[in-house]
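Values reported hereafter were calculated over all heavy atoms of this structure, with side chains retained and with hydrogens, waters and symmetry mates removed. By convention in this document, chain letters (A, B, ...) are assigned in the order of the sequence lines, proteins followed by strands, and residues within each chain are numbered from 1.
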Protein chains: 2
Amino acid sequence: MAYGLTIGQVAAFAGVTVKTVRHYHRLALVEEPERDSSGYRRYGSSDMVRLVQVRTLAGAGVPLAEIGGLLDAGPERFACALEDVERRLTDRIEELIARRAVLHRLAAGDRLLLPERACVALDRLAEFGFGAAYVAMQQEALVLARALVPEVFDRFLIQIERQLGDPEYVELLKRCQDAESWDLDDPRLGELARALSAKLLSHRELLAMPAEFRARPDAATRYGLINHHREDQAPAAARLNELLEANLRAAGVDIPHQ
Amino acid sequence: MAYGLTIGQVAAFAGVTVKTVRHYHRLALVEEPERDSSGYRRYGSSDMVRLVQVRTLAGAGVPLAEIGGLLDAGPERFACALEDVERRLTDRIEELIARRAVLHRLAAGDRLLLPERACVALDRLAEFGFGAAYVAMQQEALVLARALVPEVFDRFLIQIERQLGDPEYVELLKRCQDAESWDLDDPRLGELARALSAKLLSHRELLAMPAEFRARPDAATRYGLINHHREDQAPAAARLNELLEANLRAAGVDIPHQ
DNA sequence: CGTCCACCCTGACCTTGGGGCAGGGTCAAG
DNA sequence: CTTGACCCTGCCCCAAGGTCAGGGTGGACG
């Protein structure tokens, strides 16, 4: 029986695990004590003191990499460094609080990551009799729009609300939904495209595209992503959109290519 | 030039790094898209939607391991899980705030991890003319005491304050400090031990050891650690302590062994 | 005397959310 | 033809330890 505490004892006294003590040894935060005849580490009170100091700082959130320098430095640098650590901790707390706020908004009103107003618009779509798949697609388009051009998202919503407030436009939208199942060479596609472009051209407020959108780098790519979302799953809708864009371009409207 | 966005583009649009997108692929949070003829990943709008959803949740602090299940579950489980995440986040924030408070106390009054009152006592020691090494040793002993028997630390301090308030006892302490440099067989050691024990026995309030201390598991070990701290560096002090303990035990005081 | 259990040893791999680097292929422009 | 900006895979790295494997020790019990 040798003198000194075993690693399990110092660990228990300091309130850490054995593994943690060994970890501190590897990081040279606490010096390795002498070993007894069977190779066990035997700790004295000085080691305990050091271990308690390290654990106190670590428990307060000081990164282990800094603790060594901190404890071996003078009191003035010690205080200074502590202040620094405290500042960083405050930043982190504020960041977490911001995160929690985001989460809270998500949990409260947002349906799969959209703000309240967008959800209302989507609900109105459903009330108008649009199918779940169609509504889901529009929802995804909104998610895309919000991510790709956040600064015009609000105006985007206003436009959608205007469109939903126009019964004639809603009727046309319903035909668009039906069109998804039509053949690619169905003559109704051309008719519908014509009707849509006529409506849009005579009610330009339904069509306006903000300058900010155009000012963005990759505006065309962003536009394409939002506007041609899911077209791969509905070739007729793609065709319809293509015809519509051609009509609008022919009338002088500037629509990004691709 | 193939259709679809490259990984760099989706990453930029979603506000993450390329590396992060690939990381999400490896965790199966976002499906791997088709590759083009040169093996590049080509992303469509659906991938963008998914990526944005993942990033939004990840940015809010939801662990990546949970995001997959969350997005693929129904809205009710989604909301429920979000609440759970929010709760955990709140816990974490409170923990960090507590840490910051500890840090703040450390930075404010504590000299190398001791509360204000202990620092005052140590300062008084220095004012009484004790050497820096001696004061440092007492300080470490206090750190040890606080770690090993926190619930009696306050009474420990009271006792020290009492001792410092007794000029006769302070004089004896000073001789103890001097004694560190004496020879092991110096007859003054025995005299000093006798004087100390006489003083303590006639002023029991300087000596009392709380019942809580004794009630602790490993009380003897804890006592030894605190009381024999640094004795390895001052053999004469060890000898002095040994003599003192013998005197006290002979007078019926119960002192833990080892 | 043997056996059991708790403790100790080292070393290697796992976690989170990616970052960085090596080594090599591809694309578009000058 | 070269250059620079992308892309590919695969490997190792961070903090702060946790966990597991495989083996040695110490003290208590029968």
Could you tabulate the donor-acceptor pairs under 3.5 Å formed by side-chain atoms of residues 19-31 of chain A, not counting sequence neighbours?
unit_1, atom_1, unit_2, atom_2, d
A:Thr20, OG1, A:Thr17, OG1, 2.8
A:His25, ND1, A:Val30, O, 2.8
A:His25, NE2, A:Tyr43, OH, 2.7

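- In this structure the side chain of B:Leu148 reaches within 4.5 angstrom of the side chain of A:Met48, judged on heavy atoms.
- Atom C1' of nucleotide D:dG17 and atom CG of A:Leu51 are separated by 14 Å, given to the nearest angstrom.
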**Report entry** Test side-chain contact (heavy atoms from CB on, under 4.5 Å) applied to B:Arg230 and A:Ser46, step by step
**Finding:** CA-CA 7 Å; B:Arg230 286 248 179 139; A:Ser46 301; 3.9 Å; yes
Report summary line: Protein heavy-atom contacts under 4.0 Å, written 5' to 3' over nucleotides 1-13 of chain C as B (base), S (sugar-phosphate only) or - (none), form the string ------BSSBBB-
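- Spacing between atom CG of B:Asp36 and atom P of C:dG25 amounts to 17 Å, rounded to whole angstrom units.
- Using modelled atom types, one finds no donor on one side chain facing an acceptor on the other under 3.5 Å when comparing B:Gln9 with A:Asp218.
- Checked by atom type, the side-chain pair B:Asn227/B:Tyr223 shows a donor-acceptor distance below 3.5 Å.
- In this model, the phosphate group of C:dG18 is not approached by any side-chain N or O of B:Thr17 to a distance below 4.0 Å at OP1 or OP2.
- Computed from coordinates, the B:Arg26 CZ to D:dC8 C1' distance equals 15 Å when rounded to whole Å.
- Salt-bridge annotation for B:Asp72 and B:Arg50: present, with a side-chain N of the basic residue lying under 4.0 Å from a carboxylate O of the acidic one.
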Would you tabulate the nitrogen or oxygen pairs shorter than 3.5 Å linking the protein to nucleotides 14-17 of chain C?
unit_1, atom_1, unit_2, atom_2, d
C:dG17, OP2, B:Leu64, N, 3.2

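- Within the 4.5 Å cutoff, side-chain heavy atoms of B:Leu248 are placed close to those of B:Leu207.
- Looking only at atom types and distance, the side chain of A:Arg100 has a donor-acceptor partner in the side chain of B:Thr90 under 3.5 Å away.
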